[in-house]
Student: 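The following block contains the structure, expressed as structure tokens.
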Amino acid sequence: MVRIKINNVELSVQPGTSILDAAKKLNIKIPALCKHPDLQATAACGICVVKVKGANKMLRSCCTPVEEGMDIVTHDQQLQDIRRTVLELILSNHPNDCLQCGRNNNCELQRLTADFGIRQVPYPQFLRQIPEDPSTKTITLVPEKCILCGRCVHVCQKIQNVWALSFLERGVQTRISAAGDIKLSDSPCIKCGQCSAHCPTGAIVEFDQTDDVWRVLHDEQKYCVVQIAPAVRVAIGEAFGFPDGALLTGKLYAALRRLGFKAVFDTNFGADLTIMEEASEFVERFAHNKGALPLITTCCPSWVDFMERFYPDMVEYFSSAKSPHEMVGVLSKTYYAQKKNIDPATIAMVSVMPCTAKKYEITRSYEMFASGHQDIDIVLTTREISRMIKQAGIDFVNLPPEGPDYILGDYTGAGVIFGATGGVMEAALRTAYFLITQKNYEKIEFENVRGLQGVKETSVAIAGKTVKLAVAHGIGNVEYVLQKVQKALKDGTELPYHFIEVMACPGGCVGGGGQPYGVTDALRIARSKGLYQDDREQKVRYSHANPHVRQLYAEFLEKPLSEKAHHYLHTRYFARPMYRK
Amino acid sequence: MNTQKLTAASLDQLAADCAAKVPKNLIRVGMSTCGIAAGAEAVLATLRRNVAARGLKIAVEQCGCAGMCYAEPLVEVAVEGMPTVTYGRVTPQIAGEIIEQHVERKLFVQDYIYTVKVDDEK
Amino acid sequence: MRNKKTIFLGDSDQQGREKAVYEALAAAVKAESLDAAVQLVRVAETGKAGQGVVVRILPENIDYVQVKPADAGRIIGESVKKNKKLEDLTPPAKVRQIKIVLRNCGRIDPERIEDYIAGEGYQALKRVLSERTREEWINEMKLSGLRGRGGGGFPTWMKWNFAYRMDSAEKYVICNGDEGDPGAYMDRSVLEGDPHAVVEGMMIAGYLVGAQKGIFYIRAEYPLAIKRIQIAIDQARSYGLLGERILGGDFSFDLQIRLGAGAFVCGEETALIASIEGKRGCPKPRPPYPTVSGLWGKPTVINNVETLANVAQIILRGGAWFAGIGSPSAKGTKVFALTGKVKRSGLIEVPMGITLRQIVFEIGGGVLKDKRIKAVQTGGPSGGVIPEHLLDTPVDYENLQKLGSIMGSGGMIVMDEDDCMVDISKFYLGFCVDESCGKCAPCRIGGVQMLGYLRRISEGKASMEDVDKMERICAAVQRASLCGLGQTAPNPVLSTLKYFRREYVEHIKERRCGAKKCASLLRFTIIQEACKRCGMCLRACPVAAITRSAANVYTIDPAVCVKCGKCYETCKFAAIKQE
């Protein structure tokens, strides 16, 4: 332990602790702007400076580790003046349009300015005239609002290892853009939205499609249906003052009906369906040697995009199953439309996702039009739907809960855990075990694939065979896994894994790029806990026991991997260029 | 280019050999960026041309910036038996005079000397 | 011819007075029939200033100053003929340059390693490799008191010692040749004029800290330096002085050159390292320091060119010798680039501790055109101005800091009555704004804001409140910037405000620039009494600001005038006033 003094109070902390974190132990909040708990300090903003006795300069508390005997002052007149001046300088280079900004009421810069009580910026304002970049139609870059904290670049380069974003130019001309100053849609961007999730201001926001949804909701010719992803129900509460991770499924269904959706489905139904298809696929490949191993999950469109661009020669290992919401989407315009006698051309299917990349997924290939129409018309993020709920005057907090339209809305515990990293793997194992052994696995909760560790490697015994598994989240962790597989394939040695789950967002979908702002590990854990709680509370916890899924196969799809199932529920993958001309 | 790999002993020998080979009659022209910017390349060329044309036995070499940048191009002239002096603000024309007057006729060129070398300076 | 005496004479103030003395001496020589034995040579420069006509007699090496034509007889009759020194004409002892770093510059061909070897070249390396232990040599460097010459002033032995103590198989030494201060070119001249001195210094540093690779980081704007260092490296390799088993021992070391790409900020250690690694040249927070985790995460020593050029001499002559030169807190010499309004601009190498006045007037020859000196700027864009009344300050790291400036890398700019202090700080701040990497908000935005205020002040559009605001920003930029560029960018502003606040007030309250530098504040008016009505000014004006009335009266319209000064230059009758 290292002994230090902060504001004349002594304390001991672990070596390597930053001054910023050490101060928290004394309930001292040193103001900071560019530091994010997920990321290493970039030391950019200069607001967290403190005085250290014996040092001839002020030091940044976010990145300076404590040393034995350090005597630190965190607040005095001079520090206050300096911090205030730095913040005023940042504000002098920032547009003053909070009221019209996508982060109004939810912006770190706004919060700091309010905390500092700044009423007037004494310096002339000068703005940068840099155009927005909405080219990906999933995230929009608004460089005028960027305070150059560097978090998005750090996330895209170091955490996600995609290297789509970088700094350009220097001095006050510095801006963040796709490298080479091309449009983001021409860059390797996989649209995971982690940049937006970490941005402290309104410089990176989701591509807002609420207007499109209002339009279809108010279009009398349209029959609007909606589905919600697992991770949305445990995060929506943050916009309405609920505790972190609160499970609000029932209220969400009710709110969506009030918005005007004629049917409320649940992506978890699609998740159960995905498990039926994918577990069957796994059994084919693993138990019957029909197809290549390892089998790799594909519900995450950012991950699919990444593989198609960075490792195109490995797409043959992908599961051909579509993602859950695409499955619900195509069925809503076929199975559901037929059953209810509705002209599918009039159906507007809206997906509410924790994800920005899903906005891209819905047109990624012609299989996304398997119903004969665009299977999913619009994707909204959790953030967008919470705004719509508020706009519609719905008193979300006090709404009595409702149920879904069970035909495509009934789900099991296995379906809902899709939203957490390891969830797909766990759900698939529950069903794969059954498909191979005809018995249910005794240990229904598979702890080894849960948790925030970047790569989880484990195995399970099924019918005397060892199935080796890997679960990775955060694209930066994928390289390790893929290179292990590539090496084994090249050398002809035993495969390190048979089944791999990858989620692009750290934590899985609960930490998705479209979730409410302010994600941290604590929040990821809280949201996941909500999902695992839902799993425990479900009467049915195995995808293969979902009664409405069984009915769907009996009435419409025949059986998993049937020709009809392939036509509607499966897709292909392509090699795509990293950079588009 | 040399291919001899030096040892401690051969380094000393090489040093002695090279020191002995320093010519007694030697012209040095400042050829760092300051000199070149002031026109030293033309001066160097003129000196070499004139020395060759007259068949004089005096080496003409380049050197670095001696610090008197305001007086570039600088030309140091060492002729055996005469004090070594440095001419400054040398033009190709003055260069010609240096060869004709100073080197050939052992007469200093008036009004262009900037430093006079004294023996206690190395 | 062998016994010929040479009498060199010149006017130390370039006023032509040597001609009369020359005639008198010639007559005296003739009178004593010494024509064949005495040669009289008029020189252009004497190396002295303010000493009247100066005479040097060789080979005796006798200097006389303040020589008048009347002294000619005595000089020839007594001094030359009878070897009697004339005490009344003997100059007082003056400060002299001591060439350690520049010892070979101008004396050898930098593209010939044999020249370097002939002059003790690589002898220091030989000693370090074969005698004593590493700790003993590092201690010798400690005795010398050598401090980083790039501006940081950090004790060189300490930096080497930190790296030496690190347990790592891979270590690096880097020569910082990014020299970015405007007006500073000491490092360039050393790299161009004596590249092997730096190579040898690098090798000694590499051996002592335990590095196998050294890198020259040279700014791309120095093509000749790059060429000469490459030649030096190639020639050293050909002699086995670089590569495996140098001089027959266990030490293996090699050097390569990496180029800068136009960023002043890459002279900062962590930004320099990022640049070599192929990343954006942005600084990183310290700790960790480069000696612990530097290039590629390995212990790295970064030294300035001038620092390294001192090393071989310290090894050969001993740390105590070096420590005997200079002042107690700043040992050894410093190379300064003396430029600006000074008669003899160039590079000088002087012992630490001599005064600025001695530098400017004794060595520099005084102010150009004998104008009044206003200040001396030291330390480039990180430094400040030292006003005339403080010029007797001995030059060292601490003294200059106390006065609000810094030693910096050695740039020294002489400023006279025609230099405007507002304009000066605007120039330096503009430089910092251009060169700011943009990573941290205080420097990136604070710099632009400060520059905005300075621009408005120089255009007469500011208020005294603006000065307060500017000072507030200066404090934040100084304290909250991530690296030295930002931390010192406000120095020129604060320094000029400290010593020349009156000029700022003049610009703001009177909308006047006393030095007549700030164009917006210049007023051109026609002195009617002197005006000859020739109309030349009207024709010269590019914006038709001068009009002729019906009564043939010429006037300048201040609203149209762009202060180009063409009318002022054109008027032959001094009828236009510039104020």
Side-chain angles (χ1 to χ4, degrees), chain B residues 1-12 14-22 28 30-36 61-72 74 76 80-89 106-122, chain C residues 1-2 4 6 8 10 39 41-45 47 56 58-59 61 97 99 102-112 114-115 117-123 126 129-130 185 188-190 192-194 222 224-225 234-235 238-241 247-249 335 342-349:
Chain B
M1 183 93 92
N2 154 75
T3 51
Q4 163 200 12
K5 295 278 182 269
L6 291 173
T7 62
S10 58
L11 173 68
D12 292 348
L14 182 60
D17 290 344
C18 294
K21 276 198 267 181
V22 176
R28 281 206 181 98
M31 286 283 283
S32 279
T33 299
C34 47
I36 293 174
E61 296 179 350
Q62 64 174 1
C63 65
C65 164
M68 290 171 58
C69 311
Y70 68 100
E72 293 279 3
L74 290 167
E76 183 186 77
E80 204 172 354
M82 295 170 74
T84 301
V85 299
T86 304
Y87 291 94
R89 297 205 167 111
K106 314 278 190 271
L107 290 173
F108 294 99
V109 178
Q110 300 281 356
D111 301 310
Y112 276 93
I113 291 174
Y114 276 70
T115 62
V116 177
K117 196 185 220 173
V118 288
D119 284 336
D120 65 286
E121 291 168 12
K122 255 202 314 121
Chain C
M1 186 92 94
R2 212 134 300 188
K4 199 159 192 168
T6 322
F8 295 95
Q39 198 184 149
V41 187
R42 292 187 310 275
V43 302
E45 257 282 345
R56 174 171 284 180
L58 286 184
N61 189 19
Q97 297 193 43
K99 306 269 180 130
L102 299 180
R103 69 189 177 284
N104 283 331
C105 289
R107 296 181 199 284
I108 61 167
D109 183 347
E111 295 182 24
R112 255 210 326 250
E114 291 83 2
D115 276 13
I117 289 177
E120 299 182 310
Y122 293 105
Q123 289 292 329
K126 186 185 90 174
L129 292 181
S130 58
Y185 59 100
R188 183 188 81 202
S189 294
V190 173
E192 289 176 357
D194 192 8
Y222 281 178
L224 187 55
D234 293 340
Q235 290 181 347
S238 78
Y239 273 102
L241 289 165
L247 290 180
V335 180
V342 68
K343 287 188 189 166
R344 299 204 278 256
S345 65
L347 297 186
I348 61 171
E349 187 174 356

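Numbered from 1 within each chain, the chains take letters A, B, ... in sequence-line order. Bear in mind the structure is a predicted one, so any value in this text is a computation, not a measurement.
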Student: Give the minimum heavy-atom separation between B:Gln62 and C:Asp109, together with the two atoms involved.
Tutor: NE2-OD1, 3.1 Å
Student: How many angstroms lie between atom CG of C:Leu224 and atom CD1 of B:Ile36, to the nearest 0.5 angstrom?
Tutor: 5.0 Å
Student: Might you point out which heavy atoms bring B:Ala15 and C:Gln123 nearest each other, and give the distance in Å?
Tutor: CB-NE2, 4.5 Å
Student: Okay, side chain of C:Arg56, backbone of B:Val116: is any donor-acceptor separation there less than 3.5 Å?
Tutor: yes
Student: For a quick test of reading the model, state the closest non-hydrogen atom pair linking B:Pro83 to C:Leu58 and the distance between them.
Tutor: CB-CD1, 3.3 Å
Student: Do C:Leu347 and B:Cys65 touch side chain to side chain, with heavy atoms closer than 4.5 Å?
Tutor: yes
Student: Rounded to the nearest 0.5 Å, how far apart are OG of C:Ser238 and NZ of B:Lys5?
Tutor: 6.5 Å
Student: Hey, could you give me the SG/CG distance between B:Cys63 and C:Asp194, rounded to the nearest 0.5 Å?
Tutor: 11.5 Å
Student: Need one label for C:Lys99: side chain, backbone, both or neither, based on atoms under 4.5 Å from any heavy atom in chain B.
Tutor: side chain
Student: Can you tell me how far CZ of C:Arg107 sits from CD of B:Glu76, rounded to the nearest 0.5 angstrom?
Tutor: 7.0 Å
Student: Donor-acceptor pair, distance only, cut-off 3.5 Å: does the side chain of C:Gln39 make one with the backbone of B:Phe108?
Tutor: yes
Student: Determine the minimum heavy-atom distance between C:Tyr185 and B:Cys69, stating which atoms define it.
Tutor: OH-SG, 3.0 Å
Student: In terms of heavy-atom pairs under 4.5 Å with chain C, which of B:Asp12, B:Val109, B:Thr33 leads?
Tutor: B:Thr33
Student: Closest approach of C:Ala118 and B:Cys18, non-hydrogen atoms and distance?
Tutor: CB-CB, 3.6 Å
Student: Which atoms of B:Tyr112 are under 4.5 Å from chain C, going by heavy atoms: the side chain, the backbone, both sets, or neither?
Tutor: backbone
Student: Please find the pair of heavy atoms, one from C:Arg188 and one from B:Cys34, that lie closest to each other, and give the distance.
Tutor: NH2-N, 3.8 Å
Student: Could you state the interatomic distance from CD (C:Glu192) to CE (B:Met31), rounded to the nearest 0.5 Å?
Tutor: 10.5 Å
